[in-house]
Amino acid sequence: MMGKKKFIPYGRQSISEEDIQAVVDVLRSDRLTQGPVVEQFERAVAEYCGAKYAVAVSNGTAALHLAALAAGFEEGDEVITSPITFVASANCIVYSGATPVFADIDRNTYCIDPEQIKRKITSKTKGLIPVHFAGQPCDMVEISTISKRNNLIVIEDAAHAIGASYEVDGRTYKVGCCAHSDMAIFSFHPVKHLTTGEGGMITTNSPELYERLCLLRTHGIIKDPKRLGRNDGPWYYEQQELGFNYRITDIQCALGLSQLKRLDEFVGRRRQIVKKYNDAFSECDTLIVPQQRAGANSSWHLYMLGFQSFDRRVVFEALRECGLGVNVHYIPLHLQPFYADNFNLSVGDYPEANKYYSRVITLPLYPSMTDKDVQQVLNAVHEVVENN
Ligand SMILES: *Cc1c(COP(=O)(O)O)cnc(C)c1O
């Protein structure tokens, strides 16, 4: 075993002096929330992604919740998502009253498999929530074809994938542009590509969805005189339906707006590190490096390494001993007690997700990792592979 090593977490935010100054500037201003910076951040993200509209909210889960409600998911509907994702991707379906249905992943990309989606479609299916797992865009062309044929609403869970893109017929689509979906959501939690502390965003090209998302974000309250049922006077507003307080603050959006300037740099560094990992690990035939679909350009939120014919617990603990904050993303949702107990799921229905879960470990990956940190990861993995 190596001696005491520096601890390298699996993910970490990068905050600059400029980011800090941007937050301080808002703190010295008149408006801490519902001020101008929220809209600036929304416009900047919409522009970055190539979408018409963006709605910033308090976190990525709130973004999913509002998107599910704006999509009109309700009791009696079925909505299909991936079993290999964070729980929030499916929880939003349950919040809306609809029933979550899981379609197995593709064995190479670990994203939801369009063929498996087709198998799970019934007369009750109302929507799809593809997850751009680890930053790799799902096959959105195929997913959009399936959705059109079956009249489904598509919400991209792009919590891992701001900055990712995919090519179709020589044209590049940024994730979040919603060219092949109705809405896309992002998370700005500190382990994600860019952070606002807590925060989220929904992008869409539909003016109707945009209006509904704004309404649901703020209690369902309308102030626009043109949309009021009656008008008691200049103070008057109306709550026309049940909404929430899912607002985000100007303080948070100032951080996000400042971080956005460095997003491409962050993603570039992630891609560099992944190349080093792939080059080093592909030589070893007991290791499975993550694969990219042709045309997909991942923004690499996570790097999952597959350990074939190893005792995963032993490998995991040995890597922790070497100072690596390794993790497992994710425990399949069909194995979570909440989903297993409340929905009619059978473990055998997800062979690829089960296989994936049995052997994968997430290695450290974040933009401020130095080459020395990367080398520490490479050494640790090689040592563990040799000794097990
Ligand atoms: C992080 C994450 C979310 C939720 O985002 P929060 O901002 O933490 O609420 C949703 N989906 C996926 C796939 C995530 O990784």
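Counting convention: from 1, in listed order, for ligands and their atoms alike.
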Cation-pi geometry met for K174 and Y48 (6.0 Å, 45°):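 Yes, K174 and Y48 form such a contact.
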Could you tell me whether R312 sits above the aromatic face of Y357, with NZ or CZ closer than 6.0 angstrom to the six-membered ring centre and within 45 degrees of the axis?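 Yes, a cation-pi geometry holds between R312 and Y357.
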Are R230 and D232 within salt-bridge range, i.e. N to O under 4.0 Å?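 Yes, R230 and D232 are salt-bridged.
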Any Lys/Arg nitrogen of R12 or D373 sitting under 4.0 Å from an Asp/Glu carboxylate oxygen of the other?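 No, this pair does not count.
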For residues 102-114, which side-chain N or O atoms pair as donor and acceptor with protein atoms under 3.5 Å away, sequence neighbours left out?
{"residue": "D104", "atom": "OD1", "partner": "A353", "partner atom": "N", "Å": "3.0"}
{"residue": "D104", "atom": "OD2", "partner": "E352", "partner atom": "N", "Å": "2.8"}
{"residue": "D106", "atom": "OD1", "partner": "N108", "partner atom": "N", "Å": "2.8"}
{"residue": "D106", "atom": "OD1", "partner": "T109", "partner atom": "N", "Å": "3.0"}
{"residue": "D106", "atom": "OD1", "partner": "T109", "partner atom": "OG1", "Å": "3.4"}
{"residue": "R107", "atom": "NE", "partner": "E352", "partner atom": "OE2", "Å": "3.3"}
{"residue": "R107", "atom": "NH2", "partner": "E352", "partner atom": "OE2", "Å": "3.0"}
{"residue": "T109", "atom": "OG1", "partner": "C111", "partner atom": "N", "Å": "3.2"}
{"residue": "D113", "atom": "OD1", "partner": "E115", "partner atom": "N", "Å": "2.9"}

Which atom pairs, nitrogen or oxygen on both sides, join ligand 1 and the protein at under 3.5 angstrom?
{"residue": "ligand 1", "atom": "5 (O)", "partner": "S187", "partner atom": "OG", "Å": "3.2"}
{"residue": "ligand 1", "atom": "7 (O)", "partner": "G60", "partner atom": "N", "Å": "2.8"}
{"residue": "ligand 1", "atom": "7 (O)", "partner": "S187", "partner atom": "OG", "Å": "2.8"}
{"residue": "ligand 1", "atom": "9 (O)", "partner": "G60", "partner atom": "N", "Å": "3.3"}
{"residue": "ligand 1", "atom": "9 (O)", "partner": "T61", "partner atom": "N", "Å": "2.8"}
{"residue": "ligand 1", "atom": "9 (O)", "partner": "T61", "partner atom": "OG1", "Å": "2.5"}
{"residue": "ligand 1", "atom": "11 (N)", "partner": "D157", "partner atom": "OD1", "Å": "3.3"}
{"residue": "ligand 1", "atom": "11 (N)", "partner": "D157", "partner atom": "OD2", "Å": "2.8"}
{"residue": "ligand 1", "atom": "15 (O)", "partner": "H160", "partner atom": "NE2", "Å": "2.7"}
{"residue": "ligand 1", "atom": "15 (O)", "partner": "K192", "partner atom": "NZ", "Å": "3.0"}
{"residue": "ligand 1", "atom": "15 (O)", "partner": "Y330", "partner atom": "OH", "Å": "3.4"}

Whether the Q34 and D250 side chains hold a donor-acceptor pair (N or O, under 3.5 Å, no angle test) is what I'd like checked. no
